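All figures in this text were calculated on a predicted structure; none of them were measured in a lab. Every chain is numbered from 1 and lettered A, B, ... according to where its sequence line falls, protein lines coming before strand lines.
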Protein chains: 2
Amino acid sequence: MLDIAARLFREQGYGSVSLRKIAEAAGIKAGSIYYHFGSKDEIVAAVLDAGIRVVHENMRDAVTDLRADADGETVLRAAIRAHLRALIDVSDYTSANVRIFGQVPQSVRDANLPTRRAYEAEWDSLLSQLKKDGTLKQDVDIRRLRLMLIGTLNATLDWFDPDRGSADALSRTYADVFLNGILQRQDT
Amino acid sequence: MLDIAARLFREQGYGSVSLRKIAEAAGIKAGSIYYHFGSKDEIVAAVLDAGIRVVHENMRDAVTDLRADADGETVLRAAIRAHLRALIDVSDYTSANVRIFGQVPQSVRDANLPTRRAYEAEWDSLLSQLKKDGTLKQDVDIRRLRLMLIGTLNATLDWFDPDRGSADALSRTYADVFLNGILQRQDT
DNA sequence: ACACCTAACTAACGCCTGTTAGGGTAATAA
DNA sequence: TTATTACCCTAACAGGCGTTAGTTAGGTGT
C-alpha cells in the first residue's frame, strides 16, 4: 500500500496523486483506504519519513562498513555514493520524499522535520570529523557544504536518465568535482 | 498580472495556486482572468518562459560585460553569480520556474523546453570554451558538469534564507568548491 | 452455532477547481 | 450622438477532491 503510494508520488508529484488513484493502483476503492490510514496526510507523512530513514540507514551503513583505516576521501566518496544510490536505485520512498517535500502542506513538512534533522546531523558529524582530521580544508562551512552536497545530489532526480549512465558512475563524477574541483591544475 | 502569478507560484507552488487566488491578489474576479489569458496553462507557460529568459539574459550579460582579457576562472565565477542572483535576488519568474517546473502538466513542460534548451546551450558553449582554453580539466563531461552546476544552484531555493547570508557570498562559496574542491591540498 | 475481526464495498457529502456565457460600465473614436 | 472597444462582473457548469457512514462478505476463535 505505502509502496504503491510512494511510487505514484515519485512519478507524478503530490498534487496529481489522488486517493482514488492510489486506491485504483492498489486494486481497491478509494473509501477502503480509510481502513488503513486516517487521512491522505497520514499516508504522505509515512512515505516522507520512510524516505529519510532509508537514505539515512544506507548512508550510515556505507560509512560504517568501511575498514576502520579507510582514509577521509574514501569515507566521503562512500557517503555520496550511498545517498545517490538510495535516491536512484534503492528506494521510491527516498525519491518521493525529495520530489514532493516542497509540495505537501506545511503541517506534513513539519512532521517530517525531526527525521530530516537527524539525517542532517549525521552528515554534519561526518563532515566535521573530516575537517578535524585534515581531510577537508579548514575554511569550509560545514552547514553550507552539507546543504550544497545534498542539494546537488537531490537535484539529480530532475534529469537523471538510467539509459545514459549508472548512479555509481555519476556519484564518482560528483565526488571528483567536490573533492578536487574542475580547474586545471598548474602544478602538474 | 503575470508578476502576481509568478510571485504566488514561487511562494506556494503550482497546485496550491488557483485562478481565484491569482484573481484576488490582482484585485479582480476569477472569471475576468479569461479576458487576458485563454487558460491557466497559458499563464503558467508565460511565467515559465519569462523565468528562463530572465536568467539567460542575466547570465549572458554578466559574461559579456567582463573585460575582454578576463581569465577563464573569472568568467565562470561571473556566470555562477549571475544565475544565483537571478534565482534569489532578481526575478520571481526564474524562481517560480525552478520551483514549479516539476509540478506542471507535461504539455506545459514541453512548451517550455525550447527556451530551456537555448539557455543550456549557452552554458555548454561557455563550458566548452573554458575546456578548450585549458581553464578546465580535459576530462570533464560538459553536459554532466552543466547539469550538476545548474542543479546545485537551483537547489539553493529549497533552503536559502536571506537572513543567513547574501546570494553573492553564497555564489562565491559555490565557485570555490566547484573550481578547487574541498580537499585539503598536500602540496601547500 | 455464535460472536468477532478484518477488509473491503457503495453512496453520498460539501468543497474547490478551471472554465464559460451573458451582461454591464466607462472611456474612446467617428 | 452613436458605435466601438477594453475591462470587469455575476452566476453557473461539470468534474474532481478528501472524507464519512453504513453495509457486506469471509475468516477465526469459542
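Between D69(A) and R67(A) there is a salt bridge, since at least one side-chain N of the basic residue sits less than 4.0 Å from a carboxylate O of the acidic one.
Between G31(B) and K29(A), the residue anchored closer to the 5' end of DNA chain C is K29(A), taking for each the nucleotide with the nearest heavy atom. Both G27(A) and G15(B) lie near DNA chain C, and the one whose nearest nucleotide falls closer to the 5' end is G27(A).
Heavy atoms from other residues, nucleotides or ligands lying under 6.0 Å from CD of Q129(B) number 12 at most.
Following chains of ILVMFWY side-chain contacts shorter than 4.5 Å, one can reach L84(B) starting from L76(B), so the two form part of one hydrophobic cluster.
Test I88(A), N58(A), L149(A), N154(A) against H83(A) for side chain to side chain contact (heavy atoms under 4.5 Å, CB included) and you get one pass: N154(A).
Between dA8(C), dT19(C), dT19(D), one nucleotide has an atom nearer to the side chain of A30(A) than all others, and that is dT19(D).
Atom CD1 of I22(B) is separated from atom P of dT17(C) by 11 Å (rounded to the nearest Å). Straight-line distance from the CE atom of M1(A) to the C1' atom of dA8(C): 12 Å, rounded to whole Å. Atom CG of D41(A) and atom C1' of dC17(D) are 13 Å apart (whole Å). Atoms CD (E24(B)) and C1' (dT17(C)) sit 15 Å apart, rounded to a whole Å. If you take CZ of F37(B) and P of dC8(D), they are 12 Å apart, rounded to a whole angstrom. K40(A) places its NZ atom 8 Å from the P atom of dT19(D), with the value rounded to the nearest Å. Atom pair I33(A):CD1 and dG18(D):P shows a separation of 9 Å (rounding to whole Å applied). Atom P of nucleotide dT19(C) and atom CG of L19(B) are separated by 6 Å, given to the nearest angstrom.
Contact annotation: S18(A) side-chain N/O to dC17(D) OP1/OP2 distance is under 4.0 Å. Look at H36(A) and you'll find a side-chain N or O under 4.0 angstrom from OP1 or OP2 of dA8(C). Contact annotation: Y35(B) side-chain N/O to dC7(D) OP1/OP2 distance is under 4.0 Å.
Although no hydrogens or angles enter the test, the distance criterion places no donor-acceptor pair under 3.5 Å between the side chain of R10(A) and the main chain of R99(A).
In the interface, the side chain of R20(A) is not paired with the base of dG16(D) through any donor and acceptor atom under 3.5 Å apart.
If you check every strand for non-hydrogen atoms under 4.0 Å, S32(A) touches a base.
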